Amino acid sequence: MTSSESGAGDWRLVVQRLRHDPRSVAAVAVLLTMAALVLIGPMLSPYQPFQQLDITHRVHAPPSTTHLLGTDAYSRDVLSRVLSGGRVSLAVALTAVFIETMIGVVWGLTAGLAGGRTDSVMMRCVDAGMSVPRVLLLLALLAAVVQVPVWLLVLVLGATGWFGIARVVRAEARVTRASDYVLAAQALGAGPARLALRHVLPHVLGPVLVWSTLAIGQVIVLEAGLSWLGIGVQPPQASWGNIIGDGTEFIASAPWVSLAPGFCLVIVVLAVSALGDGLRDALAPRQLPRT
Amino acid sequence: MLSLRAVLLLPLIGLAACGRGPDAKPLTAADSLGGTVVISTPTEPENLMPPISTSVSGLQVKDLVFQRLAVIGASLNTVGDAGFTPGLATRWDWATDSLSIAFHLDSSARWHDGKPVRAADVAFTLAVYLDPKTGTPAAAQLGNVDSVSVRDSLTPVIWFRKRTPSQFFDVVMEVYILPSHLLAGADRSTLASTPEATHPVGSGPFRFVRWVPGQVLELAADTTGGRRRALLDRVVFSKAPDPVIAFTRVATGEADVFEAVRPDKVAEVAKNTQLQLILMPSLEYNYLGFNLLDRKGGRPHPVFGDRNVRRALTMATDRRSIVANIYDTLAVQARGPFTTAQASADPDLQPMPYAVDSANALLDAAGWKRGADSLRRKNGKVLGFGILVPSSSIARMRASVLLQEQFRRVGADVRIEGTDFGGFFGRTAARDFDAMLGGWNQDAGPGNARDSWASAGAAKGGNNYSSYRNPAFDAQLDSGLAAFAPDRMRTHFAAAWRIITDDAPAVWLAEPRRVMAVHRRIEMTGARPDAWWAGIVQWRIPAEQRIARDAPAGAAR
Amino acid sequence: MRALIQRIWQGVLVVAIVATTTFVLVRLAPGDPFAVALDNSRITPALRAQWRDAYGLDGSIGTQYMRWMSALLQGDLGWSVSTNRPVSQSIAQALPNTLVLMGAALLCSFTLGMGLGAWQAARHNRAADRVIGAVTLFSAALPDFWLALVVLLTGAYWYRVFPVGGASDPLLPLSASTLTIIVDRLTHLVLPVCTLVLLIAAPVARQQRAALLDRLSADWVRTATAKGLGPWQVFRRHAWRTALGPVVTLGGLALPALVGGAVFVEHVFAWPGMGQLAASAIAARDYHLVVGCVIVGAVMVVIGSTLADLLVNRLDPRADTADADRPAAGA
């Protein structure tokens, strides 16, 4: 067995490891900067993100001192839109991942601790969800809706992403269920909720955290793809995905429209992935043989 | 005896002949034959059975594989038979009372399987089109046809119920003649599932070769009975689901024709030495349609039920700038439910001006007062509505975003409801929208406006999605459709257009021109506004300009 | 044996859940298969009702479900209105294209990814490891639709080396030699496979590296090292079998993609595969085709994942099926 330590008291150790990992520190710095930009930026910008300044003459203006990232096809300032769109993209991703984590953890705990028939049926549902490509599921769900408001987008994204984490949590729950001290706790009269909270959850928290961090990156890209297709966030509200979508056909004549949000997208996903890696290493460092 | 002139000219001719090179041959008719044209398109037909194939791509294939009795002329005249050119029929005779027309079929016409085309085929075809079980959209157009009789094996006679200006156009342009010997036994209610729906047999200048759905549809010049009408060897439709990819194929030289070049790609096409840019009028217009009834149906719409509000919203829009932003110079501002190329158009009609102050004044007078947040309210409700748009149409999405901002400036709160195509159709048919960005692709005749804007179409079964009803408009429209003299027709239509534009059931936006990118080596002729492909049978690729794909196809299939 | 039968039964259940859910979902959407002719003002809703009737799409959702279910049990997947052919024919045409594309992509990605991951693990924390680590991190962060577009534009438009999408040249005569056909197919395959490899190889490499490092840190491996074996020998003798486990599981997770196709990539490259077919069927509200695609996909995924589970058990007898889902500590 590797020396894995996870328990409430060890969190300080985890944080300490994170602080000493340059990769994680950089990632957190990038994410905090981006968060600050999208929260404060729109308030400082002289332009509104939906403001069409001059649809005949200021269309596709290249970056300049008046428009740091140029203008788009509707003569809107790209920088304002990227910052305002960042709010939406990040908020959608964070909320959707929160939802899918909640659903997945609860589902997995219930299935794993219940065992037997319940477990079997619940896991078949998970299998069913995993056997359909997520994009197709999203397309089908969004096509069924008359108009897609942002909250529904978040809900639908959350509802289609919990299968993987449910499996992980359920596996952990199953193992714990069979362990000696849990049997002892049960003998002492502990109910399933208590078992879940005190015995299974601490073991699962680490992997769940890592998984959630990585899922944020996945969902950002997914929302961008849907908005790029035109069925995600609706105009005039910007999101990084629909700004890229607006700019795709002009990629040769006005590349700044697509490149700016694309760059932000990649940076955030990079940072999130690096943070996920760092968390994983911090939670359970390996002792490797000296070479 | 050689004349003096010939003697003097001979040496020049000789020099010229030498100058062309040792292997130069005089141009013969055979040099005109050959070549392959690849049309790159993001759409494809749903089936190839003429009565029930309704898409534009289906129309293109139908026109090449099948024949109609006659074909409309370039002037798009639909009154009587002026300008029509022979198709399957070489000539036709009108009865003195105009209640019947006898068509004389081309005796050398053959089906692609070799059988001759007979009058019985024409009679059979009309029976299929008129049979309600077939369920053809053309049925409305063919309401005036009473029956078909056969005078002899090459002379079908079509009988009409009454004399109308467009009786010839209606029957001739709608009906593609079908082979009775192949379809006589088919169940007419499910014609789309017959083998002929995916492997059609017609009598047109091109015969069907193969169709790999989603990828390629290939046609080859028909040579049945030794008779060849097309100069090209093959026409191939190559599909790419994304229009950007479909265009790129033409830009790289992988394909030859792209029929809908976006305005921002025009400069690129102009710079490309391998391509020619073709601009022509089209029969398409788009508009923002208001729903005059509320979404539950029945009661007048809280916002659009008021004529003055509709007029105000129209005046709040700078249509010229919107058209310029989306299309640059490649569209004209639409002025009403018609296109400039149609005979029923009114060139003098003035659209409502762009006048924000008048708009604001009208809205104030109608009871919509501005609040602190600059949005207008009446009885506590905000002046707000949704614009339904198909998100796959770039132009319409652009228009909706531009309109949304202009409406915001006069105090209206507008949401954009983008859906996929299926959803867009479903909701417009069910009248479940406030405003919608629609478009109509008309055919040459003036009758389309009746389907889309007359009272008859306002009920839930019809295509008048706005539920616009005005008996005066209906009367003028019907008088125009019944008029035989062109100037009387134009007067009535002009009156009708004035009525409807004053009532403002829609904001008329743009009449996009057709912008095509065609490979330089192709001599493209015979295009009509309603069908750029109309002259494909005469398109030719000169021998010296042919490239790899023009080489004759491999061994016989 | 009993376990196998149980797995099969569970698989059937999964497919049934998937099919029924999809059936209901698609019918909830407004619009219907006959939405094609929106621009044609002569198609009346009465006409559409007539068409709907002719194709068995009338009646309540319950009636339609019964009708569909009974046909399905007889092996009939129904008629696809948007492609005008039986559903089975549409799928039979699209499925091989997807299998070829995704098969080639997964093979290349996994080979590349596993190789990279193993190489990184062997040179843990040295320069090569860090650089490759950064590259895979970056590659895994790229949005797929964006990457596909960039690859297509670079390889077919700005530099005209490869064809612009599609699976084959439409003008290739039927009489062309087999070699010509194969070469043609390969040239069309290059760009989409490159895109997919860039997208898939990175996570595989990262996963492989993590799994290997985890196994290498196990106590029993330390013992072997203490006995004097170098890291590469340790890897060869002990670690690779157990390290293969998580990768096979990852492959199992890639099964839906193998069968379902990558929707965005197929869209950009005009690749006529299952992803494209299903996406356009959803847009066209072609109910039977959507459900058909999903069923076929689900069946193949269930078969594949059962095989993957069996393989994992053979490779690493220590691993319980449930344990295969557990993150090994440190992975």
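Just so we're on the same page: letters track the sequence lines, and every chain starts at 1. Just so you know, these numbers come straight off a predicted model, no measurement behind them.
Looking only at heavy-atom pairs under 4.5 Å with chain C, the residue among A:Ser258, A:Gly217, A:Gly241, A:Ser273 that has the most is A:Ser273. Note on C:Leu149, C:Leu137, C:Leu13, C:Val18: by heavy-atom pairs under 4.5 Å with chain A, the leading option is C:Leu137. Residue with the most contacts toward chain C among A:Val126, A:Val266, A:Val121: A:Val266 (heavy-atom pairs, distance under 4.5 Å).
At distances below 3.5 Å, at least one donor-acceptor pair connects side-chain atoms of A:Trp107 with backbone N or O atoms of A:Met122.
Between C:Leu142 and C:Leu198 there is no side-chain heavy-atom pair separated by less than 4.5 Å. Side-chain contact between C:Glu266 and C:Leu101: present, with at least one pair of heavy atoms (C-beta onward) separated by less than 4.5 Å.
Between A:Glu223 and A:Arg134, none of the side-chain N atoms (NZ, or NE/NH1/NH2) sits under 4.0 Å from a carboxylate O, so this pair counts as no salt bridge. Between A:Arg124 and A:Asp119 no salt bridge is recorded (no basic side-chain N to carboxylate O distance below 4.0 Å).
Residue A:Leu270 touches chain C through both its backbone and its side chain, counting heavy-atom pairs closer than 4.5 Å. Residue contact with chain A, scored on non-hydrogen atoms closer than 4.5 Å, involves the backbone and the side chain of C:Phe138 alike.
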